[in-house]
Amino acid sequence: MGCDRIDRVAMLSVHTSPLEQPGTGDAGGLNVYVVEVARQLARRDVEVEIFTRTTTAELPATVELAPGVLVRHVTAGPYEGLGKQDLPGQLCAFAAGVMRTGAHAPEDHYSLVHSHYWLSGQVGWLAADRWQVPLVHTMHTMARVKNLHLAQGETREPSGREIGELQVVEAADRLIANTLEERHELIDLYDAEPDKVVVVPPGVDLSLFSPGDPRAARQALGLPPEAKVLLFVGRIQPLKAPEVLVKAAAELLRRHPEWRRQLVVAVLGGPSGSGLAHPRWLHDLAQELGIADQVRFLPPVPREELAQWYRAADAVAVPSHSESFGLVAIEAQACGTPVVAARVGGLPTAVGDAGILVDGHGVEQWADALEDLLLDPQRRECLSRKARGHAALFGWDRTTERLYEVYVEACRARARALDSPSPHGSLTGVPAAVIP
């Protein structure tokens, strides 16, 4: 097996397709990550085949996402009607489809398997073992972390998921952590071997998410030029805590009744997770708080339009209870928009010193942070400059360059282990590295 060149990567995303619109259902940052990394790898002449579950009968067996990037749809259970919680029972069927594709490929067709989320890791474990190639795995979210930071109304992740994650952690040749904190969580909560965990922060499309004229953006979106615009982007579920922004907005209007005609709270996203049980719960909350006229609910929008929303906003709120990184924060900052985020998970890394981090989810705390920004244009401008500089460190090309290095080292470590197996049968590790 050659170790100096990665020719083709099998990328697994069982529960959500890279073709889906982020912001609703199970589509979110993971989808963006898979798409952007695959495209960047293809630009390096690395072919990528993304395996995902077929969810409608209209989907063709294969779709070219970009030159050098192929999406393969695998039949595993009914096309529709299966939630993420139902998918563990379909992993055997999904694995069989992946194995069938591999069986028709030439020997050494795949250089490496990169799986995303624990469900994909279970299949990736089998595929990598069958093809005798390294398994690189990115968790994106972890059950034990989520269970430590449950939002009110959220259900604990089941023990079956925890067991599955532990198995993937043990099986993987390399584990990609988004932040140093996530690396510690993998080691402390999952007993991951430190030498196997490499920190590679996600990125942002700096050509798409870039500064622009806020007034022009507002005009394009039909927003009043003098409005005070607060923005939430993400799936509507308790984990993401959009109600924190809605409640804080109500508190702002209590403090500043004169803002009632100016304030716009834009919520871009669709119901997801436990939010699906009551899809209009956030609408009902806005009505109860008397700010229904100020809150605009919009479905997920194409990324070009999303960039305009970031530019139009005075501040973007990311009040999540748990985030492995926080792509929304870095996208907003790339557009020069100040971010107010909860001090949880990977958000301190994503935000850096270019935004405002809030301890906890108290309404008064969030209203204070947002009020300070809305009343102080000079501070907004200062944070805008910092935000642009901070985001510039996180381009997807840089992320993919580091990932490629991890891929090559994983192949070399496997080759070394095959040449001289250790007494314990484990692969020689590579010291964890952090970028930027």
Side-chain angles (χ1 to χ4, degrees), residues 28-30 33 88 114-122 124-125 128 134-151 154-202 238-241 318-327 329-330 341-352 357-361 394 399 402-403 405-406 409-410 413 422 424-436:
L30 184 155
Y33 187 110
H114 188 170
S115 55
H116 298 268
Y117 192 67
W118 78 275
L119 293 170
S120 301
Q122 288 279 315
W125 174 16
L135 172 63
V136 174
H137 181 74
T138 305
M139 282 291 199
H140 294 282
T141 65
M142 293 180 280
R144 289 182 173 178
V145 175
K146 290 182 73 173
N147 286 340
L148 287 172
H149 305 283
L150 283 178
E154 285 278 279
T155 304
R156 286 182 60 83
E157 293 295 318
S159 59
R161 175 179 171 181
E162 290 191 23
I163 294 168
E165 289 177 343
L166 284 164
Q167 291 171 331
V168 173
V169 166
E170 184 177 359
D173 294 87
R174 292 292 181 272
L175 293 160
I176 303 298
N178 289 330
T179 64
L180 190 59
E181 179 169 351
E182 187 178 0
R183 179 176 187 268
H184 293 323
E185 290 166 344
L186 282 163
I187 294 168
D188 296 340
L189 298 178
Y190 288 86
D191 293 324
E193 295 178 29
D195 286 346
K196 292 203 311 186
V197 188
V198 187
V199 179
V200 183
L239 176 70
K240 300 293 184 180
V318 189
S320 305
H321 288 276
S322 177
E323 287 285 352
S324 63
F325 183 68
L327 288 181
I330 204 72
R343 193 188 300 272
V344 299
L347 283 170
T349 299
V351 174
L357 293 169
V358 180
D359 293 308
H361 296 82
F394 290 87
T399 297
R402 184 66 189 103
L403 274 177
E405 292 172 357
V406 174
E409 179 53 33
S422 73
H424 304 290
S426 62
L427 299 182
T428 303
V430 60
V434 181
I435 67 163

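Here, residue 1 is the first one in the sequence, and each next residue gets the next number. Since this is a predicted model, take the numbers as computed values, not measurements.
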Seminar exercise, completed: In this structure, CD of Glu162 is separated from CD of Glu165 (nearest 0.5 Å) by 7.0 Å

Problem set entry | Residues in side-chain hydrogen bond (donor to acceptor under 3.5 Å, both in side chains) contact with His321, at least two apart in sequence or another chain | none

Exercise. Which value, rounded to the nearest 0.5 Å, describes the distance between Leu166 atom CG and Met142 atom CE?
Worked result: 11.0 Å

Problem set entry | Under the side chain to side chain contact (heavy atoms under 4.5 Å, CB included) test, residues paired with Glu323 that sit two or more places apart | Lys240, Ser320, Leu347

Problem set entry | Distance-only side-chain donor-acceptor flag, Ser115 / His137, under 3.5 Å | yes

Exercise. With a 4.5 Å limit on heavy-atom distance, are the side chains of Glu154 and Leu239 in contact?
Worked result: yes

Exercise. Where the side chain of Arg183 meets the backbone of Pro194, is there a donor-acceptor pair that is under 3.5 Å apart?
Worked result: yes

For this session: Mind listing the closest non-hydrogen atom pair of Pro88 and Leu119 along with its distance?
Result: CG-CD2, 3.9 Å

Problem set entry | Whether Asn147 side chain and Arg156 backbone form a donor-acceptor pair below 3.5 Å | no

Exercise. Okay, side chain of Thr138, backbone of His116: is any donor-acceptor separation there less than 3.5 Å?
Worked result: no

Problem set entry | Donor-acceptor contact present, side-chain Asp173 to main-chain Leu135, <3.5 Å | yes

Exercise. CZ of Arg144 to CG of Asp188: how many Å apart, nearest 0.5 Å?
Worked result: 11.5 Å

For this session: Taking all non-hydrogen atoms of both residues into account, name the closest pair between Phe394 and Pro202 and its distance.
Result: CD2-O, 3.6 Å

Problem set entry | Trace of the side chain to side chain contact (heavy atoms under 4.5 Å, CB included) decision for Val198 with Arg402 | CA-CA 10 Å; Val198 187; Arg402 184 66 189 103; 3.6 Å; yes

Exercise. Quick one: are Thr179 and Pro201 in side-chain contact, heavy atoms under 4.5 Å?
Worked result: no

Seminar exercise, completed: Value for CG (Asn178) from CG (Leu327), rounded to nearest 0.5 Å, stands at 8.0 Å

Exercise. In this structure, are over 12 heavy atoms from other groups packed under 6.0 Å from Glu170 atom CD?
Worked result: no

For this session: Can you measure from CE (Met139) to CD (Glu182) and round to the nearest 0.5 angstrom?
Result: 8.5 Å

Exercise. Is Lys146 reaching over with its side chain to a backbone N or O of Thr141, donor-acceptor style, under 3.5 angstrom?
Worked result: no

For this session: Would you please test Val351 and Val318 for side chain to side chain contact (heavy atoms under 4.5 Å, CB included) and show each step?
Result: CA-CA 10 Å; Val351 174; Val318 189; over 6 Å; no

Exercise. Parallel, tilted or perpendicular: which fits the ring planes of Tyr33 and His140, with parallel below 30° and perpendicular above 60°?
Worked result: perpendicular

For this session: Just do the side chain to side chain contact (heavy atoms under 4.5 Å, CB included) check on Leu186 and Val169 with the steps written out, would you?
Result: CA-CA 8 Å; Leu186 282 163; Val169 166; 4.1 Å; yes

Exercise. Nearest heavy-atom pair of Pro238 and Ala151: which atoms, and what distance?
Worked result: O-CB, 3.4 Å

Problem set entry | Minimum heavy-atom distance Arg343-Pro348, with the two atoms named | CG-CG, 4.0 Å

Problem set entry | Side-chain donor or acceptor of Gln122 paired with backbone N/O of Gly164 under 3.5 Å | yes

Seminar exercise, completed: CG (Leu175) and CD (Glu193) are apart, to the nearest 0.5 Å, by 9.0 Å

Problem set entry | All side-chain hydrogen bond (donor to acceptor under 3.5 Å, both in side chains) counterparts of Tyr117, not counting sequence neighbours | Arg161

Seminar exercise, completed: Taking every heavy atom of Ile330 against every heavy atom of Ala350, the minimum-distance pair comes out as CD1-O, 3.4 Å

Problem set entry | Heavy-atom pair of closest approach, residues Ala342 and His361 | CB-NE2, 3.8 Å

